[in-house]
Amino acid sequence: MSDPFALDDEPPPPVGANAPLASASWLDGLNPEQRLAVESTEGPLLVLSGAGTGKTRVLTTRLAHLLASGLARPWQCLVVTFTNRAAREMRERIASMMGPSAEALWLGTFHALGVRILRRHAPLVGLESNFTILDTDDQLRLVKQLLDAEGVDGKKWPAQGLLAMFQRWKDRGLAPQRLGEEGGGEFAEGRSGALYAAYQERLRVLNAADFGDLLLHTLEIFTAHPDVLEQYQERFKYILVDEYQDTNVAQYLWLRLLARRHKNICCVGDDDQSIYSWRGAEVGNILRFERDFPGARVIRLESNYRSTAHILGAASGLIACNLQRLGKTLRAGLTGVGGGDKVSVRGVWDGADEARVAVEEIEQLHRDGLRLSQIAILVRTGAQTREFEERLIVTGTPYRVLGGLRFYERQEIRDALAYARVVAQPADSLAFERIVNTPKRGLGDATMQALHALSRAERVPLLEAARRIVASEELKPKARQTLTALIGDFDRWGAMLGGMPHSELIQTVLDESGYTAMWQAEKTPDARGRLDNLKEFVRALEEYDSLQSFLEHVALVMENDGKAQSDGVTIMTLHGAKGLEFDAVFLPGWEEGLFPHQRALDESGAAGLEEERRLAYVGITRARRRVFISHAGSRRIYNQWQDALPSRFLAELPAEHVERQANPGLWGGQAGLAEAGGGEGWQTPGWERMRRAPPVVEATSWKVETPRKAGAFQVGGRVFHQKFGYGRIEDVQDDKLVVAFDKAGTKKVMGSFVTSA
DNA sequence: CGTATATATCTTTTT
DNA sequence: GATATATACG
């Protein structure tokens, strides 16, 4: 086994088992390419690693190799992952191989590593080292305020769009002063560049950074302060990057700067799994690697140890339809297992039917001995999870939704966090603003206007402005009194900060502020759950040794890894599933418009389509043994039933790897979906015809009352309104109606809110 | 100032 | 169908 020359005879690792590496023989069990990737420690190295070819294994083994062979000490290794989950898993695996020295590794996401560096040098970019990290909510509120202050019409130029623009700039490493020609565009008559600068300035005043800043500022520091850069260049002897195809320009520049000294940078990626271009990721980073790092070595990992031949065949056939790719062939590295089952494709009636059929199949797999935790349902959009959840609840099948609305995104948790933030950092104006009037204290718009004005005028945080304003005569006595009380509360809590366990402190804050009482008084059914969440929140606090470190963790991770679910079916988005594997994978919703998603096609055209196809490829290759794809004939979107065509991706799956499942008696006469019986229904003339003529949006008659257009109403007609009851139409104006209601008097209402009576 | 009601918009994907 | 924003009223 340990004969280094007997590489070709090494048996591949068994499917589905992560054979633990014995500490002394970390190279055992690697195939020749993997071994080469591990042992080529010096100089730039690009590892092109197809799905299921042991990428993570190579990364961890390489790291272990570097440490165990004495080439580097843990703190000299920089390891960048794409998700927090990947970082955690990597750390655990290294720790199990190397022991506690793994603690000293610089290992994390770009953003986590960015903060770590930025905290040390914050003053160089005009921040204090205890700066706040904003969440999306805060950012949006800030941009809105900005548009307001600058007199830009927020209706015409939505804050969302502007924020997205800022983010794209940041993804490309562009600070306002570097925008140059880029700046402007149409937005707000070409003022977007100036707004960007104003936004960054506001952040600085607030002593805050948004997500993009964590990288942008570090980059700024590295370029403007060579001495600082040198310090890190010197330190990081070896750099390892996971999911390299998903790095954006800013991250690329960041890496290039850090690697310039030792040049021992190893990037692992797969252009076929690049699915984050909408977030600024540049597949081009892979292409330019050899150019930017002269003498770079490229190793291809093409032996797939994960999936059966049929699954591989289906996935390869699909991805081959993409024109923009480096080109890689996945070979089945699996021995002793035949082709396995073909990929199942099934047409279903609608979303509910789809869920029902899938869950039946899941129960069958479970009866056959598959563990539920080895089964996943991977959806294109978060909204799709619901129908599966409902069905799984009905059948009593345990499940877990990963990445849905996340714990720290819930309203009550954000509120509690805001309280914690103000206690920890009284200058955090955005947090203060969030909770001044939660629970209701009678501090409304008027008070806030005054506070903002003073805050801007004197360039002080809101809480400080509040202090000054209550000392003046400006507010009405009532507002003045409540505000004084609130300031007093925060002072008191602030003083308690070091004196008691912080979880207790936050509990006290939530109780004394009346926040807990607010939910207790609430009669709605979900109030109960919210109180539970708050308890969970306080419990999570206990696991951190300071309020600061807790807040930092939350800002970066946004997920609550506290409660590890036991056995259950996993539901998540395709994006969330990258890097995971399951025995059986369900891929619902393969319909034109949903997958590929219409929006991707509209916004990015052919490139968008290819990215969607890569997403499909990622989905299929998550599976070890079984893949179940389904598409529904009609699906409800918002309120309307829409006929849906099977996804073009279905036609791209090689027929020899696919088994078309007939759903008995279901597909009688669906237009365009004729089941010709040849198992290739989506390639029939009918489907081709439908594909050329885009589907007509029409409400099917058997489920909904079609919302009537105002045009269908006539003056004098009788109508019924949910709230106002019956009435007579007096006038029709565009989509609005003037109706004289029998009981409620004459009102102007939207035509869509009434029905003919 | 708060509440209730009416309307608009929304869902692609996440660090 | 759910949730943010706008408006009217108390």
Side-chain angles (χ1 to χ4, degrees), chain A residues 80-87 108-115 133-137 140-141 144 154-155 158-160 164 167 170-171 210-215 243 246-248 250-251 274-281 378-386 402-406 409 411 437 439-449 476 478-479 482 526 555-559 572-578 589 593-604 608 611-612 614-615 618-619 635-640 704 721-724 735-736 744 747-754:
Chain A
V80 192
T81 61
F82 188 66
T83 64
N84 292 296
R85 191 191 63 223
T109 62
F110 276 104
H111 295 89
L113 294 163
V115 203
I133 302 168
L134 300 190
D135 61 32
T136 346
D137 244 28
L140 203 58
R141 218 145 14 103
K144 279 179 184 157
K155 280 248 171 59
Q160 286 276 12
Q167 253 146 16
K170 292 186 177 186
D171 286 341
D210 70 14
F211 246 81
D213 284 341
L214 301 180
L215 278 167
E243 307 283 9
D246 287 323
T247 52
N248 61 36
Q251 292 162 340
S274 162
I275 53 178
Y276 282 94
S277 72
W278 51 274
R279 222 179 73 189
L378 307 180
V379 295
R380 176 63 183 85
T381 74
Q384 286 171 264
T385 60
R386 198 164 160 166
L402 288 188
L405 358 159
R406 282 175 294 183
E409 277 169 1
Q411 185 194 339
N437 205 27
K440 302 269 188 294
R441 299 189 170 89
L443 300 170
D445 264 2
T447 315
M448 285 316 291
Q449 294 280 331
K476 294 204 190 100
K478 201 166 156 223
T482 27
D526 53 341
L556 287 174
V557 177
M558 289 300 281
E559 74 187 25
M572 61 165 74
T573 63
L574 286 160
H575 283 89
K578 194 167 65 162
L594 178 60
F595 192 33
H597 201 279
Q598 193 56 48
R599 206 146 158 177
L601 302 180
D602 292 346
E603 282 170 15
S604 315
E611 179 147 322
E612 295 285 294
R614 290 194 291 269
L615 201 48
V618 167
R635 199 170 281 279
R636 194 164 61 178
I637 294 168
Y638 306 136
N639 222 357
Q640 290 206 318
V704 254
H721 186 276
Q722 275 283 324
K723 276 268 148 22
F724 303 137
D735 53 345
K736 294 190 181 68
K747 304 264 185 202
K748 195 193 267 188
V749 295
M750 293 287 288
S752 56
F753 278 71
V754 299

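We name chains A, B, ... by the order of the sequence lines, and we start the count at 1 in each one. In what follows, every heavy atom counts, from backbone to side chain, and hydrogens, waters and symmetry copies are set aside.
- When heavy atoms are screened at a 4.0 angstrom cut-off, L615(A) is found touching no nucleic acid atom at all.
- Rounded to a whole Å, the CD atom of Q160(A) is 12 Å from the P atom of dA4(C).
- With dG2(B), dT11(B), dT14(B) as the candidates, the nucleotide lying closest to the side chain of N437(A) is dG2(B).
- Base contact: E603(A) has a heavy atom under 4.0 Å from a base atom.
- Here dT14(B) presents its C1' atom at 13 Å from CE of M572(A), a figure rounded to the nearest Å.
- Between the CG atom of L140(A) and the P atom of dC10(B) there is a distance of 12 Å, given to the nearest Å.
- Electrostatic pairing of R279(A) and D171(A) does not count as a salt bridge here, judged by no charged N lying under 4.0 Å from a carboxylate O.
- Counting non-hydrogen atoms under 4.0 angstrom, F82(A) reaches the backbone sugars and phosphates but no base.
- Regarding L378(A), its CG atom lies at a distance of 14 Å from the P atom of dT13(B), rounded to whole Å.
- Note on T573(A): a side-chain N or O is less than 4.0 Å away from OP1 or OP2 of dT14(B).
- Remark on DNA chain B: of its neighbouring residues K476(A) and G576(A), the 5'-side contact belongs to K476(A), judged by nearest-heavy-atom nucleotide.
- Across the protein-nucleic acid pair, R441(A) atom CZ and dG2(B) atom P stand 11 Å apart, rounded to whole Å.
- S604(A) is not listed as a side-chain neighbour of E611(A), based on a closest heavy-atom distance of 4.5 Å or more.
- Centre separation under 5.5 Å together with a plane angle under 30° does not hold for the ring of Y276(A) and the six-membered base ring of dT13(B), so they are not marked as stacked.
- Comparing dT15(B), dT3(B), dC1(B) against the side chain of K440(A) picks out dT3(B) as the nearest.
- Across all strands, K170(A) comes closer than 4.0 Å to no nucleic acid atom at all (heavy-atom distances).
- Residue W278(A) has its side chain nearest to dT13(B) when only dT11(B), dT13(B), dT15(B) are considered.
- D171(A) places its CG atom 17 Å from the P atom of dT13(B), with the value rounded to the nearest Å.
- For H575(A) and dT11(B), the NE2 to P distance is 15 Å, given to the nearest whole Å.
- Using modelled atom types, no side-chain atom of E612(A) and backbone atom of F595(A) make a donor-acceptor pair closer than 3.5 Å.
- Using a 4.5 Å cut-off on side-chain heavy atoms (C-beta onward), F82(A) and Y276(A) make contact.
- As judged by a 4.0 angstrom heavy-atom cut-off over every strand, A446(A) is placed among residues touching the sugar-phosphate backbone only.
- In Q160(A), the CD atom is not crowded: 12 or fewer heavy atoms of neighbouring residues, nucleotides or ligands sit closer than 6.0 Å.
- As rounded to the nearest Å, dA4(C) and dT13(B) have P atoms that lie 16 Å from one another.
- Looking at the side chain of T447(A), the nearest of the listed nucleotides dT14(B), dT11(B), dC1(B) is dC1(B).
- The aromatic rings of F211(A) and H111(A) sit tilted relative to each other, their planes meeting at an angle between 30° and 60°.
- Contact annotation: K144(A) reaches the phosphate of dT5(C) (side-chain N/O to OP1 or OP2, under 4.0 Å).
- Annotation: of the two residues near DNA chain B, H597(A) and Q167(A), the 5′-most nearest-nucleotide partner is H597(A).
- The interatomic distance linking I637(A) (CD1) with dA2(C) (C1') rounds to 16 Å, in whole Å.
- Closest approach to the A383(A) side chain among dT11(B), dA2(C), dC1(B) is made by dT11(B) (side chain taken as heavy atoms from C-beta onward).
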